[in-house]
Amino acid sequence: MKKLRKLLQHLPIKWKLTLWSTFLIFLLFASYNVMQYVIINHWTVGYEKIQIERYIKEVDAYITNPQTDFSSQDSISMTTFLNSINEKHQLIRILDKNGHIMASASREIPDNLVQPKSASTKNYVTVNHWEDKFLVARVPVKSPSFSGTIEVIRSMDIFDEFIDTIFLIMLAAGVGGLILSFMGGNIIAKQLLSKIQVVTDTMHRIRQNGMTERVPVPKNRDELAELGILFNEVMDDMEQAFAQQKQFVEDASHELRTPLAIIHGHLSMLNRWGKNDPEVLEKSLQSSIKEVERLNTLVTELLELSRAEAEHFPTQAGDPSYVNEVIDCVSNNFRVLHPNISLQQQLFPKDVQIDIPANYLEQILIILLDNAIKYSRTEQPAVTVETLKEKEVVSIHLRDEGIGIPAEDLPFVLNRFYRVDKARTRKQGGNGLGLAIAKRLVLKYNGSISLESTEGKGTTVSLSFPVYKNEEEGT
Ligand code: ADP
């Protein structure tokens, strides 16, 4: 038994499905047949009983008839009466109170087949004799002149034959049903699994050929088609994520290569001859330190960007922040760090909370204010920070009067490593990562960011966030 169970457990799904469906269909079929057999059997016995009752009634009426002095009748007239009412395959007997046969009429049933037996209550029994089956009814009968038992023995042969034929038909149908259900189960299992096999084959191809392979999706929108669509969508996402990852690594190594090449150049030169010339030594060291600083900033920004892009970024960590409060705090810090900056604020009167932790909002504002200063046209950068609340949305606008961004570059400045001034000679020296980090952070907190700019006039960066809904207060 254990072995069989183990064997069944290790069967391939196709065979499991086939066997289960075969078993269930067969069970259904067999139980239907058994039920049919029982009902027919019950019905035929019932029918036979009704027939027997009719004869019992007639004999009973004959015996209990007050006009008949039963004792004066001889058994010949009784037998004549019984013969006159009897039918084929039936034996009727009248027994006296000692159980002796007084009269008997039989048609095609031997008299000695069933032993006579008197009865005190009405009863039915079935008697089997070799292949034959008989239904025997015994009823006590009493009249002033006679008391005894009426016995009716009826052959069930015809019904037996009928039931046997039905049984044979059912057996044949059962075997046929078993074969058909096995074949049907096999076809269903094959059809079902062939679609799953397509997914498995595609996975094998993906392993061999890479991420470009997709599952062919059938036109009908059944569950397996949905599985195929979902699988393809997951593959699309993964392919995109891999491509982005690859691009990121390529971009990052490209950015890292330039400062490293510069440092390498200076060190090689010093190694060959420059170290003996104090002027060259000083110049090279200064340049190298500058590049190391640039590398340092780049690595820090790369880490920040990768954290902002991380899938499990803690979007729920930290409390919501008060917009005006954070702007005030960052502005004050900037005024201390850059005393020549002219920073105007036009904030809404009643502070509002938005669902982004204060440290992330600060980080975004620092990036934007840094840019406003870096890309200013004068030594005294003028920046205005404005906050507006419209319905359930808070928007923050940062306006500067700097160099602006050319229209053709504007759509790309939010991409990582994108710089308008590609040459590294500029004194501002950004890595093109600030706006990319800001964008990732804003999007993570269900906000949006957009830029408007006119070259030579200035730039406005607009952020918007949904107002924080405090569940307890309902605001
Ligand atoms: P970076 O570190 O180079 O400043 P950012 O991602 O912050 O990188 O900005 C991308 C590019 O967009 C910058 O190189 C700059 O050319 C342009 N830019 C961003 N902000 C401003 C601004 N306020 N005024 C003018 N140009 C800007």
Side-chain angles (χ1 to χ4, degrees), residues 1-42 163-249 306 309-316 443-444:
M1 193 67 197
K2 247 187 184 174
K3 251 186 177 176
L4 184 74
R5 199 183 295 165
K6 216 172 174 185
L7 185 84
L8 284 176
Q9 269 173 359
H10 287 96
L11 271 181
I13 293 181
K14 184 184 138 191
W15 285 111
K16 271 188 197 159
L17 272 174
T18 307
L19 288 182
W20 268 109
S21 59
T22 308
F23 174 70
L24 286 177
I25 295 171
F26 181 71
L27 197 74
L28 196 81
F29 198 76
S31 46
Y32 171 75
N33 278 353
V34 168
M35 224 163 69
Q36 206 174 4
Y37 181 83
V38 170
I39 288 170
I40 289 174
N41 200 19
H42 184 78
I163 280 176
D164 282 352
T165 318
I166 283 189
F167 184 76
L168 271 178
I169 294 171
M170 283 176 181
L171 195 74
V175 173
L178 189 73
I179 296 168
L180 275 180
S181 54
F182 181 81
M183 278 160 55
N186 203 356
I187 292 170
I188 292 170
K190 254 190 197 158
Q191 264 204 341
L192 255 171
L193 292 175
S194 68
K195 290 182 183 170
I196 296 176
Q197 189 60 42
V198 173
V199 181
T200 316
D201 290 345
T202 311
M203 282 179 172
H204 278 303
R205 284 204 306 276
I206 287 170
R207 218 169 161 192
Q208 278 171 2
N209 312 338
M211 292 238 174
T212 47
E213 297 283 345
R214 294 290 180 276
V215 179
V217 178
K219 279 199 180 79
N220 61 330
R221 301 279 293 192
D222 61 7
E223 288 84 344
L224 287 167
E226 263 175 43
L227 174 76
I229 293 169
L230 190 66
F231 177 83
N232 287 347
E233 282 173 0
V234 171
M235 286 313 298
D236 287 346
D237 288 352
M238 274 172 71
E239 195 184 358
Q240 204 187 340
F242 271 112
Q244 275 178 356
Q245 201 79 16
K246 198 168 157 249
Q247 189 62 44
F248 183 79
V249 172
S306 100
E309 280 182 346
E311 226 165 89
H312 303 294
F313 185 78
T315 46
Q316 294 310 317
L443 293 183
K444 288 268 167 169

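What you see below is based on every heavy atom in this structure, not just the backbone, and it leaves out hydrogens, waters and symmetry mates.
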Enquirer: Only distances under 3.5 Å count here; give the side-chain donor-acceptor pairs of residues 163-183 to other protein atoms, sequence neighbours excluded, each with its distance to 0.1 Å.
Expert:
residue	atom	partner	partner atom	Å
T165	OG1	E161	O	2.6
S181	OG	G177	O	2.8
S181	OG	L178	O	3.0

Enquirer: Verify, without hydrogens or angle tests, whether N186 (side chain) and T18 (backbone) share a donor-acceptor contact under 3.5 angstrom.
Expert: no
Enquirer: Give me the atom names and distance for the closest heavy-atom approach of N232 to V217.
Expert: ND2-CG2, 3.5 Å
Enquirer: Can you name the side chain to side chain donor-acceptor pair (under 3.5 Å) partners of Q247, sequence neighbours left out?
Expert: D251
Enquirer: Applying side-chain contact (heavy atoms from CB on, under 4.5 Å), can you list everything that pairs with S306, at least two apart in sequence or on another chain?
Expert: none
Enquirer: E239: which residues meet the salt bridge (charged side-chain N to carboxylate O under 4.0 Å, His left out) condition with it, sequence neighbours left out?
Expert: R214
Enquirer: Output every pair passing side-chain hydrogen bond (donor to acceptor under 3.5 Å, both in side chains) with a member in residues 26-42, not counting sequence neighbours, ordered by first then second residue.
Expert: none
Enquirer: List for me each residue that meets side-chain contact (heavy atoms from CB on, under 4.5 Å) alongside F242, sequence neighbours excluded, and say none if there are none.
Expert: M211, M238
Enquirer: Which atom pair, heavy atoms only, marks the closest approach of N209 to T212?
Expert: O-OG1, 4.4 Å
Enquirer: Under the side-chain contact (heavy atoms from CB on, under 4.5 Å) test, which residues partner I13, sequence neighbours left out?
Expert: L17, L193
Enquirer: Scan residues 185-195 for pairs that pass salt bridge (charged side-chain N to carboxylate O under 4.0 Å, His left out), counting only residues two or more places apart or in two chains.
Expert: K195-D222
Enquirer: Who passes side-chain contact (heavy atoms from CB on, under 4.5 Å) against L27, sequence neighbours left out?
Expert: F23
Enquirer: Working to the nearest 0.5 Å, report the span between CE of M35 and CD1 of I40.
Expert: 11.0 Å
Enquirer: What pairs with K6 under salt bridge (charged side-chain N to carboxylate O under 4.0 Å, His left out), at least two apart in sequence or on another chain?
Expert: none
Enquirer: Quick one: CD on Q191 to CD1 on I187, what's the gap to the nearest 0.5 Å?
Expert: 8.0 Å
Enquirer: Any salt bridge (charged side-chain N to carboxylate O under 4.0 Å, His left out) involving residues 200-212? Give me the pairs, sequence neighbours left out, ordered by first then second residue.
Expert: R205-E213
